[in-house]
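Notes follow the structure.
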Number of protein chains: 2
Amino acid sequence: MARRTKAEAEATREALLDAAEEVFFDNGVARTSLEQIARHAGLTRGAVYWHFKNKADLFRAMLDRVRMPFEELVAETGASHDSPLETVRLGFQQSLLRLEQPRHRRVLAILIHRCEFFGDIDPCAIQTEMAGECLDALGGYFADAHRLGLLKQGLAPEVATRLLQAILSGLFHDWLRDPDAYSIYERGMALVDAQLALMRRDEAEAA
Amino acid sequence: MARRTKAEAEATREALLDAAEEVFFDNGVARTSLEQIARHAGLTRGAVYWHFKNKADLFRAMLDRVRMPFEELVAETGASHDSPLETVRLGFQQSLLRLEQPRHRRVLAILIHRCEFFGDIDPCAIQTEMAGECLDALGGYFADAHRLGLLKQGLAPEVATRLLQAILSGLFHDWLRDPDAYSIYERGMALVDAQLALMRRDEAEAA
DNA sequence: ATATCCATACAGACATGAATGTAAAAAACG
DNA sequence: CGTTTTTTACATTCATGTCTGTATGGATAT
């Protein structure tokens, strides 16, 4: 085979990324060679080296297909600003929905549980970046909630933020270790709802 | 060099494990060769292959030096059985104290953030095993707490268990990504205390 | 006590295989 | 025909496992 049309070249690029996802997920990043990825896509290493500089570059491209900042997720839901706790809930829900898509699930699982640093890639740094992004957003919402008197008395907004962020993070990690064990959407929403209920100022207090 | 005494042989074994910890932590497991480990310990690969079957065996031995089931931690604290929530707190505290020791910190960080499967080692499975162990223990305590009427009304013990486990897990993961950023003991205890306060039935309800 | 002998605890060299990156050839498009 | 896409072939590097060599420790016999 050789050159088809421009669109078909793009298709092989995508095919390579798809293959990378699958093989990385099955074998881990370090244990998979570019040869394996190419073969899995029905191509050869030559194609890989044409489209990507090297393994790290391929990896980055794979990640770029699923990036989604928390704020964007929230924006998608069209949540209003007057109820920060509900906004958090919606953002959370949106995240979980995304995670149920195979592509997002696979790539996140790879990033978190199936790779260590290589080349100029540091998965920990990427995770930290994503976590920090999420933490900042959550922090803002809880600060608002606190100002509006929506939080339980004695619960500092920073603590509430870290609690929820830890729950989110822990949930992700645990679920990604074995995504078929349960539905993250159902369990996740149950946990957020329970936690938000715990953190919300109750009517008796508010009166 | 050649054969020293039996005690000295044991010392080199430990030295190799120490070296493995450090190099694994710095470079990741996949990227470090047995040669690097041996050199870092001032020895050669011959020593490594004498004491260990291969890389996976060495890795397992490294893990074995820090294993500690949650129940054992709780036992160490000598907590009484009449206050399950306090028992959970103490177990948590004990875990965090352990984590502040460099050895535990390093090994856990390696297991969680610096290795993917290789040989017959599946770090995810090991994590799942540890998490499950912890989950079972927590589940028992919260079931007791529920029976004793210590939990907030409407809070199912299973949900409480999963919440706390997620918090623990999330906290570990986040901190291990950058252990020098903050004290896990301080922040961790603040979070558990806050969470336990939220989950405890308040006096008004109890009356 | 000391000489002998074997198992132990390493070091060093070697063979193998696998993955990488690159360069050159080949095939198909325009 | 020239350019773009892909294959094939090749050179290099590197980790692994194994094998051999060797000096010592310790047990046993004398």
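Below, read A as the first sequence line, B as the second, and so on, with proteins coming before strands; counting in each chain starts at 1.
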From C-beta outward on [X], which listed nucleotide comes closest to its side chain: [options]?
{"X": "A/Trp50", "options": "D/dT7, C/dT20, D/dT6", "result": "D/dT6"}
{"X": "B/Lys55", "options": "D/dT5, D/dT7, D/dT16", "result": "D/dT16"}
{"X": "B/Leu43", "options": "D/dT6, C/dC10, D/dT7", "result": "C/dC10"}
{"X": "A/Ser33", "options": "C/dA11, C/dA19, D/dA15", "result": "C/dA19"}
{"X": "A/Asn54", "options": "D/dT6, C/dG21, C/dC10", "result": "C/dG21"}

In whole angstrom, give the distance that lies between atom [atom1] of [X] and atom [atom2] of [N].
{"X": "A/Asn27", "N": "C/dA19", "atom1": "CG", "atom2": "P", "result": "11 Å"}
{"X": "B/Arg39", "N": "C/dA11", "atom1": "CZ", "atom2": "P", "result": "11 Å"}
{"X": "B/Leu34", "N": "D/dT16", "atom1": "CG", "atom2": "P", "result": "4 Å"}
{"X": "B/Tyr49", "N": "C/dC14", "atom1": "OH", "atom2": "C1'", "result": "14 Å"}
{"X": "B/Arg13", "N": "C/dA9", "atom1": "CZ", "atom2": "C1'", "result": "14 Å"}
{"X": "B/Glu8", "N": "D/dG26", "atom1": "CD", "atom2": "P", "result": "9 Å"}
{"X": "A/Phe118", "N": "D/dA15", "atom1": "CZ", "atom2": "C1'", "result": "19 Å"}
{"X": "A/Ile37", "N": "C/dA18", "atom1": "CD1", "atom2": "P", "result": "17 Å"}

Could you tell me whether [X] and [Y] have a side-chain N and a carboxylate O separated by less than 4.0 Å?
{"X": "B/Arg39", "Y": "B/Glu35", "result": "yes"}
{"X": "B/Asp174", "Y": "B/Arg187", "result": "no"}
{"X": "A/Arg200", "Y": "A/Glu86", "result": "no"}

Counting the atoms with a prime plus P, OP1 and OP2 as sugar-phosphate, which does B/Ala47 contact under 4.0 Å by heavy atoms, base, sugar-phosphate, or nothing?
sugar-phosphate
side-chain N/O B/Thr12 vs C/dA9 OP1/OP2, d < 4.0 Å
no
Looking at C/dT8, I'd like to know if its phosphate oxygens (OP1 or OP2) sit under 4.0 Å from a side-chain N or O belonging to B/His51.
no
Nearest 0.5 Å, what's the OH-CG distance between A/Tyr185 and A/Leu99?
12.5 Å
May I ask you to verify whether the side chain of B/Arg45 and the base of D/dG17 hold a donor-acceptor pair under 3.5 Å?
yes
Of the options B/Glu72, B/Glu76, B/Arg89, which is the one that meets B/Gln94 in a side-chain hydrogen bond (donor to acceptor under 3.5 Å, both in side chains)?
B/Glu76
